[in-house]
Each structure stands twice: as C-alpha cells, then as structure tokens.
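Report on one structure; see the data block that follows.
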Amino acid sequence: MTALALCGLVALAFGAGSYYAIGSAGWFARANLALGALALLVAAVGTALRARSAAAPPFRGPLLRGVLGVALTLAGGVALERLATASGRSFDWSFEQRFELSPATLRALAELGQVQATLFRDEFDPRARSTRLLLRGLEESGHLRVRELPLGHSPELEDRFEVAGSNTVVFEVDDRFETVDRPTEGTFYEALYRLRPRDAAVVYAMRGAGEGDLSDRSNAGFSGLAAALHTEGFRVRELVTGTGADVPDDAALVVALAPRRPLRPESLAALERYLARGGRLLAFLEPGASSGLEELLRRFGLESPDALVVDPASGAVAGDAPGVSPLAFSYVEHPVTRGLDKGRMTFFHGARPFV
C-alpha cells in the first residue's frame with residue numbers, strides 16, 4: 001500500500017505541475033489527478049482494513065508512530081509552503097520563462113509613473129492564475145496598482161474598454177488606456193509602450209524608384225509595415241524623390257523600401273543633406289538591384305555589396321536553393337525581438353549583406 005500511495009502522490013504532483021505550468025487543466029493534468037486520487041483512495045482503504053487487524057496492543061505503537069510521521073510530514077509541507085509564500089520570492093521554471101519580467105518591460109512601466117491595471121475574469125477561468133503572476137511581478141516594482149473585477153460585474157467599464165472576454169487586462173494612465181486580450185509579458189510590454197505620452201513622429205516613405213508600396217495588401221505588399229508604424233504612433237507620408245527637393249524638417253525617419261531603379265543624383269544629394277543635419281535613413285536593399293544608396297551609405301561607414309547572404313546550415317524554403325533563406329532561432333533580449341522566443345523561427349528570404 002505504501003508503494004501505491006507513493007505512486008498516487010507522484011501522479012497528483014504531475015497533474016498539479018501541469019496545471020500550474022500551462023494555466024489550464026488539459027487531458028494530461030486531468031488524467032494524472034484522477035489516477036492519483038484513485039490510487040490514494042485505494043491505498044487508504046487498504047490501510048484501514050489492515051489497521052483493523054492491527055488493533056491488538058502489540059501493533060498500536062508502530063501504528064501510532066506511522067500516523068504521527070504522516071502528520072508531521074504534512075505539517076512540515078504546509079510550514080514550508082507558508083514560509084515560501086511569506087518570503088515573497090518566486091522562481092520561473094516554465095519552459096519559455098513566461099513569468100520572468102525583462103528590464104525593458106519594467107523600464108516601460110517606470111517611465112509611465114503610476115499605472116492602474118484591471119483584470120476582468122470569470123471566477124473559474126484557470127488562465128487568470130498565470131495573468132496574476134505577471135501582474136504581481138509588475139506590481140512589485142511600485143509603479144502598478146492591480147484590481148480584479150468579475151466579468152459582467154461592471155458592464156459600463158467593459159463596454160468602454162472593449163473587453164471581449166475573461167482574462168482581459170486593461171492598463172490605464174490618466175485618460176488613456178490599452179486593452180490586452182491575450183496577456184503575456186510581450187503583450188504587456190506593447191501596451192505599456194503605446195501608453196507613453198509622445199507627439200506623433202512623421203515617417204516618410206520614398207517613392208519614385210520602384211520602392212515597395214506601403215498600401216499594397218497583397219502577399220507582395222508592405223501594408224503590414226505601415227500598420228506596425230501606425231500602431232507605434234507614427235504618421236506615414238510619401239516622399240517623391242524625383243523632384244530633388246529637400247527632405248521636410250518634420251521627418252523623423254526616411255524609409256527606402258527596396259528601390260529597384262537608380263535614384264537621380266539630386267535625390268541622393270537631398271538625402272545626404274538630410275543625413276548631414278542629423279536625419280535618419282532606414283534602407284531595405286535587395287540583391288541584384290542598384291539604387292545609388294549604396295554609395296551614400298558607404299560615406300557613412302556602411303557597406304552593402306551586391307551579394308546574397310548564404311547560410312549553409314539553413315535548408316531549402318518554398319522550393320528555393322538550400323541556404324538562401326537564412327534561419328534565425330536564437331534571439332537576444334531587445335524590444336525589437338519582443339515576442340520571439342525559443343518556440344519560433346524567422347526566415348530571411350534573399351537577404352543582402354550589410355557590413
């Protein structure tokens with residue numbers, strides 16, 4: 001019976017661990033919890049039956065010592081759990097370090113001063129457990145106040161914040177708010193970043209030399225880039241380079257999106273004057289095309305030879321030759337790579353080198 005009880009405890013531990021790790025009771029957790037409870041029940045019944053036969057005085061001493069040992073073990077486990085809770089220390093043992101807050105997230109929160117977070121949840125929604133852990137980590141920084149509201153308890157707030165369902169978090173700063181439908185550390189960072197008070201900067205997209213179209217919604221278009229820029233608070237305008245006019249003074253950034261034809265000399269001169277006065281240029285250059293930007297970038301210390309990046313370790317993608325679509329799967333901690341973790345891969349199709 002001891003072995004059966006031990007197996008039951010192990011099964012319960014696996015079931016509880018799976019529940020805490022993924023935030024929901026999947027088939028693995030439910031099966032282990034059910035089998036563990038059944039094993040403990042059988043062991044308890046067997047022990048009770050044996051205890052009846054062990055009621056004679058010679059058996060009472062060992063039986064009492066066994067019961068006392070179990071009671072002390074349970075009391076010790078409860079005491080350790082209470083001590084760990086009182087210490088306030090936690091360890092993130094999840095596979096993707098889902099509850100480890102990065103310095104960038106804590107810095108984004110600190111820059112906002114004081115933030116109010118509201119968790120809307122159903123009473124029995126298991127996902128709220130993981131969300132609470134993330135919010136608790138942010139709350140410990142001293143810049144966040146957290147409250148929980150049962151879903152349906154405040155319909156006027158749910159309408160105002162466009163709460164679609166349970167386990168939704170709303171961040172509020174003054175009269176601004178951001179609603180997070182799928183709480184993760186990455187989505188929390190994005191929401192806090194968007195709450196920063198800032199004037200909308202202007203991004204100019206070059207047109208006139210066969211550049212990519214930011215309004216094109218097809219698979220070959222770049223409307224996703226335009227949407228990302230709008231999400232980050234930028235205003236996007238077009239810059240027709242064929243006139244050779246100076247880049248407007250309100251330009252925070254000029255984007256050259258894969259030009260296919262050479263720019264006119266006066267257009268390159270206007271870009272150089274813009275860079276000389278502290279401007280910023282984001283150049284996407286494709287292999288096999290010469291735009292004249294290569295020489296301009298060379299004056300500022302950037303070389304982009306007309307070549308193709310080949311990674312022998314990367315296999316063929318979408319029928320291309322092996323190696324011409326380099327694969328990245330290890331990402332440094334940076335806001336640019338937010339949301340890219342060990343479970344994701346990035347392919348760079350036909351990449352041109354910058355040195």
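This structure is a prediction, so every number in the text was calculated from the model and none was measured.
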Give a yes or no on this: more than 12 heavy atoms of other residues, nucleotides or ligands lie within 6.0 Å of atom [atom1] of [X].
X	atom1	value
Phe300	CZ	yes
Glu295	CD	yes
Arg217	CZ	no
Arg298	CZ	yes
Arg136	CZ	no
Asp249	CG	no
Phe347	CZ	yes

Cluster overlap [X] with [Y], hydrophobic side-chain contacts below 4.5 Å:
X	Y	answer
Leu192	Leu119	yes
Phe284	Val309	no
Leu282	Leu214	yes
Val146	Leu195	yes

Does [X] reach the main-chain N or O of [Y] with its side chain, forming a donor-acceptor pair under 3.5 Å?
X	Y	value
Asp122	Ser166	no
His143	Gly113	yes
Tyr204	Val240	no
Asp213	Ser215	yes
Glu211	Gly208	yes
Asp174	Arg176	no
Arg145	Ala117	no
Glu272	Ala270	no

Testing the basics here: between [X] and [Y], what is the closest heavy-atom pair and its distance to 0.1 Å?
X	Y	answer
Arg182	Thr187	O-OG1, 2.9 Å
Asp311	Leu327	OD2-N, 4.1 Å
Leu134	Glu185	CD1-N, 3.9 Å
Met345	Phe329	CG-CB, 4.1 Å
Pro353	Leu308	CD-N, 4.3 Å
Thr346	Tyr331	OG1-OH, 2.8 Å

Checklist line | Residues Arg352 and Ser304: side-chain donor-acceptor under 3.5 angstrom | finding: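 Result is yes, a qualifying pair exists.
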Note to self: Can a side-chain donor-acceptor contact be found between Thr131 and Asn167 if the only test is distance below 3.5 angstrom?
What the structure shows: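 There is such a pair between these side chains.
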Checklist line | Sequence-distant partners of Glu123, side-chain hydrogen bond (donor to acceptor under 3.5 Å, both in side chains), two or more places apart | finding: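 Testing Glu123 for side-chain hydrogen bond (donor to acceptor under 3.5 Å, both in side chains), a comparison that skips the adjacent residues, returns none.
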Checklist line | Ion pair Arg121/Glu148, N-O distance below 4.0 Å | finding: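 Yes, this pair counts.
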Checklist line | Carboxylate-amine/guanidinium contact Arg235 Asp250, below 4.0 Å | finding: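 No.
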Starting at [atom1] of [X], measure out to [atom2] of [Y] and round the result to the nearest 0.5 Å.
X	Y	atom1	atom2	result
Leu157	Thr118	CG	OG1	7.5 Å
Ser102	Tyr189	OG	OH	8.0 Å
Asp125	Leu151	CG	CG	9.0 Å
Leu112	Arg196	CG	CZ	8.5 Å
Leu138	Leu106	CG	CG	6.5 Å
Ser141	Leu101	OG	CG	8.5 Å

Next item on the list: Begin with the C-alpha distance, continue with both residues' side-chain angles, and end with the deciding distance and a verdict on side chain to side chain contact (heavy atoms under 4.5 Å, CB included) for Glu158 and Leu149.
Entry: CA-CA 10 Å; Glu158 295 172 17; Leu149 293 178; over 6 Å; no
Next item on the list: Using a 4.5 Å cut-off on heavy atoms from C-beta on, say whether the side chain of Gln114 contacts that of Leu144.
Entry: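 No, side chains not in contact.
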Note to self: Any heavy-atom pair between the side chains of Leu268 and Thr241 that's under 4.5 Å?
What the structure shows: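 They are not in side-chain contact.
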Check: Please walk me through it: do Val254 and Val203 pass side chain to side chain contact (heavy atoms under 4.5 Å, CB included)?
Finding: CA-CA 6 Å; Val254 173; Val203 174; over 6 Å; no
Item checked: Ring centre gap for Phe161 and Phe177 strictly below 6.0 Å ->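 Between Phe161 and Phe177, the centre distance is under 6.0 Å.
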Next item on the list: Check the pair Leu285 / Ser291 against side chain to side chain contact (heavy atoms under 4.5 Å, CB included), numbers first and verdict last.
Entry: CA-CA 8 Å; Leu285 303 181; Ser291 63; 4.1 Å; yes
Next item on the list: Assess whether side chain to side chain contact (heavy atoms under 4.5 Å, CB included) is satisfied between Val202 and Phe234, documenting all intermediate values.
Entry: CA-CA 6 Å; Val202 181; Phe234 293 101; over 6 Å; no
